[in-house]
Amino acid sequence: MGLNAKSWWRGVFALGALSLTTFNLPANAEDGGNLYNTDYDVAQGRSYFERQCSRCHGFDAKGNDETGAPDLTGRLNRASSDVGIFNILRNGIAGTAMLPVPETLPDTLVWQLVAFVNSLSADPANIVLPGSIAAGADLFTGKGACNACHMISGKGGRLGPDLTFVGDRRSPEELVADLIMPNQDVEPRWWRLRITGRDGITREGFRMNESSFSLRIMDEDDNLWSYANNQIANYERIEDSTMPSYAQTLTDSEVDDLVAFLFSLRKEN
Amino acid sequence: MQRLIGFLFLAVTSFGVIAQEEPFQTVITPAFSPITWDRLVNADAEPENWLMYSGTLSSQRYSRLNQITTANVDELELKWAYQIPVIDRAETVPLVVDGIMFITEAPSNLVAVDARTGGIYWRYDHEMPDDILICCGRNNRGVAILGETLFMSTLDARLVALDARTGNVLWNVAVADYKAGYSKTAAPLIVKDKVVTGIAGGEFGIRGFIDAYDAATGERVWRTYTIPGEGEPGNESWAGDSWKTGGAATWITGSYDPDLNLVYWGTGNPGPDWNGDVREGDNLYSDSAMALNGDTGELVWHFQFTPHDVHDYDSIQVPILADINYQGSQRKVMMWANRNAFYYTIDRETGRFLVGKPYAAQTWAQGLDVNGRPIRVPGMEPTYEGVLVSPPIVGGTNWYSPGFSQDTGYFYVTAFDGEQEFFKRDEDYEEGQRYTGGGGRYTQPMDAFHSSIRAIDPATAEIVWEFPIQPRSSAGITTTAGGLVFTGSADGFFFALNARTGEELWHMSLGARVHAAPMTFAVDGKQYVTIASGNVVYTFGLRD
């Protein structure tokens with residue numbers, strides 16, 4: 001952490017200052033819908049959320065694989081406006097575990113919930129980042145050689161997550177962390193398995209699926225392998241990332257540029 | 001003319017083909033015969049039928065059927081599948097009565113099918129109010145049968161009696177007010193001429209109870225609250241008025257010992273779940289096993305697994321009853337792998353603790369004292385900021401059925417080794433609102449944890465073997481005289497293990513999470529095993 005601290009704190013500082021601007025903007029200019037949008041309303045919404053919604057969506061609203069409830073802190077799939085969220089809450093999502101809120105729940109409280117859900121993700125259009133998008137794009141395929149591992153819009157490698165819409169799922173703070181502390185919170189899909197077969201051959205690859213009776217990996221040459229448990233002599237998990245840390249190899253301003261570029265990779269752009 | 005001959009020819013051949021392929025063209029006997037109380041007491045003597053949720057009154061889930069064995073289980077093949085029309089998760093354990101299978105569906109429907117083919121006889125769709133409050137999904141786990149009547153719990157907190165031959169409603173009574181957060185998901189238990197049943201809603205500040213209804217009329221015969229009222233012994237274990245909203249729900253099926261005339265039932269967490277400040281005391285009889293007189297409902301003894309619980313460690317498990325050799329003498333015991341990650345063997349005549357040990361990862365207790373009371377590790381209560389504790393809220397195990405084999409003498413449980421950050425919140429009780437006072441949060445992805453099937457020796461509480469599977473399994477277990485343990489996994493497998501060694505003998509990917517327990521039965525002398533996965537009920541049998 002010591003080595004990374006400098007650029008980490010700089011990243012946070014820059015964003016902290018910027019997100020203040022977000023607060024001053026009139027909320028929801030398009031639909032003019034939500035009149036219940038003060039800090040007090042958000043707090044009311046949060047308290048209802050923690051009580052009634054968190055058991056599926058999680059206290060941090062980051063979703064839960066077991067209940068199938070999605071992460072609400074990024075871009076929503078089914079609503080792009082306050083009214084859209086309001087309708088989801090009132091009507092539920094048919095055929096899923098997402099039931100409507102009780103009919104007796106006053107509209108005020110539903111709007112407060114909408115305000116809370118909104119507060120989970122800052123409107124990206126209001127976030128101004130210090131880096132240059134164009135310079136970031138050059139770094140991505142140039143000095144950074146990120147495209148050796150990552151695809152954007154169908155171009156690039158297969159040895160890391162597709163980044164085509166990475167700005168929808170990662171905040172600028174998280175993107176900074178992705179670049180300088182890749183070993184933190186590696187998603188299980190990007191863990192690796194080192195498998196020694198009954199035939200004595202050892203192969204290593206990304207953990208595409210580890211099931212109770214079989215394993216599937218992709219090795220560094222993009223080969224896909226499937227092992228039944230009875231073909232395996234032993235295997236181990238490696239939970240570190242294969243992505244190098246760029247804390248040393250990129251300057252602070254290069255990190256800024258890459259973050260600006262990555263954050264611009266959103267569906268609306 | 002040409003044409004007519006062709007037509008006749010076809011008609012005749014197709015008739016011939018049908019006659020040849022139908023397996024039951026010679027003797028057809030009517031399916032179904034009435035189920036007397038005697039037949040229920042001796043359910044293990046007719047293993048071709050699966051007459052109650054846990055197989056027998058002792059809830060061992062052990063079947064004497066031995067056609068499918070360790071030697072031929074790898075020849076199992078799919079015989080039929082039934083697709084549940086309402087998309088939700090299936091937690092059903094069907095009953096089979098003389099060739100008819102009764103399958104419950106979400107939210108509270110029932111279908112009767114031919115157990116050989118899955119072909120439908122009738123279905124019952126329960127009319128549901130649209131303002132029900134439910135804690136944990138729209139499930140129904142099964143029905144009970146007595147005579148020619150099926151008994152089903154419904155999400156809107158009612159008990160419905162249906163004619164087993166037609167699905168017609170015989171009676172339909174309210175057990176509690178669904179508007180206050182009560183609901184019902186578990187299969188009832190028949191005790192003589194009564195239908196014994198519990199209640200869900202522990203997250204809504206209810207006061208739990210166990211009820212018995214007259215099977216013929218639906219009239220309530222007795223009700224025993226799981227939280228003693230004012231003036232009753234145990235009420236002092238709740239600070240102030242906290243007992244009124246103390247939870248202790250009873251949302252899984254219990255067991256019955258006909259010789260002792262005792263009904264055994266587990267109780268849920270005290271409410272609010274994670275903030276114990278408002279309910280100082282042991283909070284009796286939350287997180288307990290209660291033994292009730294089968295005729296009167298009177299409490300005969302109780303054993304509290306987790307006094308003053310603040311982690312939602314429900315004792316909503318199915319008690320397994322067996323007579324075992326314990327330290328040189330034959331004892332009537334009750335076996336219990338608790339959500340709190342400890343396994344217990346208890347004398348079921350007296351409620352005395354015999355032996356207990358952890359069977360899954362746990363950090364909240366140093367161990368159990370001589371009376372089976374946990375010795376707590378300080379500092380493991382939820383805080384406003386969060387404290388990391390094992391097991392997590394979902395527990396070392398949970399409501400899914402464990403099993404016991406009369407051949408090996410082992411107890412089998414689906415165990416989970418996980419951890420979670422627990423935190424508390426200040427909340428006031430409002431009727432019909434969730435009342436939990438906090439929650440939990442995983443700090444690692446689910447893939448970092450482990451589930452296992454574990455075999456436990458009830459005489460020592462030691463783990464004999466384990467079979468690891470992907471987390472987090474919520475499948476129940478069934479054992480057979482063929483030397484097998486059948487269960488499922490979270491990643492959609494149905495599989496069979498050697499009951500003695502834990503060796504895997506057969507597995508099949510069903511493609512969706514298994515939330516139910518398997519069951520086994522026979523028709524026309526052929527053994528089958530059935531399991532629900534996703535929204536489908538699958539039935540397997542040996543190659544013909």
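We use all heavy atoms of the structure for the numbers below, so side chains are in, but hydrogens, waters and symmetry mates are not. In the text below, chain A, chain B and the rest are named by the order of the sequence lines, each starting its count at 1.
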Using heavy-atom distances under 4.5 Å, tell me whether B:E504 contacts chain A through its side chain, its backbone, both, or neither. side chain
Value rounded to 0.5 Å, distance of CZ in A:R55 from CG in B:D273: 11.5 Å
Min side-chain heavy-atom separation B:F467-A:S212 under 4.5 Å: no
Residue A:R46 excluded, over 12 heavy atoms near CZ under 6.0 Å: no
Measure the CG-CD distance between A:D60 and B:E421 for me, rounded to the nearest 0.5 Å. 10.0 Å
Considering only heavy atoms from C-beta outward, does the side chain of A:F59 approach that of B:R425 to under 4.5 Å? yes
Enter the distance from B:S489:OG to A:F213:CZ here, rounded to the nearest 0.5 Å. 6.5 Å
Between B:S473, B:S474, B:G438, B:G437, which residue shows the highest count of heavy-atom pairs closer than 4.5 Å to chain A? B:G438
Taking atom CG as the centre, does A:D185 end up with more than 12 heavy-atom neighbours from other residues, nucleotides or ligands that are less than 6.0 angstrom away? no
Is the CD atom of A:E220 crowded by more than 12 outside heavy atoms at less than 6.0 Å? no
Crowding at CZ, A:R237 (>12 non-hydrogen neighbours, <6.0 Å): yes
For A:S211, is it the side chain, the backbone, both, or neither that has a heavy atom closer than 4.5 Å to a heavy atom of chain B? both
Which bit of B:A490 comes within less than 4.5 Å of chain A, counting heavy atoms only: side chain, backbone, both or neither? neither
If every non-hydrogen atom of B:Q470 is compared with every non-hydrogen atom of A:E210, which pair is closest and at what distance? CD-O, 3.0 Å
Selection from A:G58, A:P188, A:P100 maximising heavy-atom pairs under 4.5 Å formed with chain B: A:P188
For A:E103, look at atom CD and say whether over 12 heavy atoms of other residues, nucleotides or ligands are found less than 6.0 Å away. no
Hey, is CD on B:Q444 packed in by over 12 heavy atoms from elsewhere, all under 6.0 Å? yes
Within a radius of less than 6.0 Å around OH of A:Y40, do more than 12 heavy atoms belonging to other residues, nucleotides or ligands occur? no
Charged N-O contact under 4.0 Å between A:R189 and B:D447: no
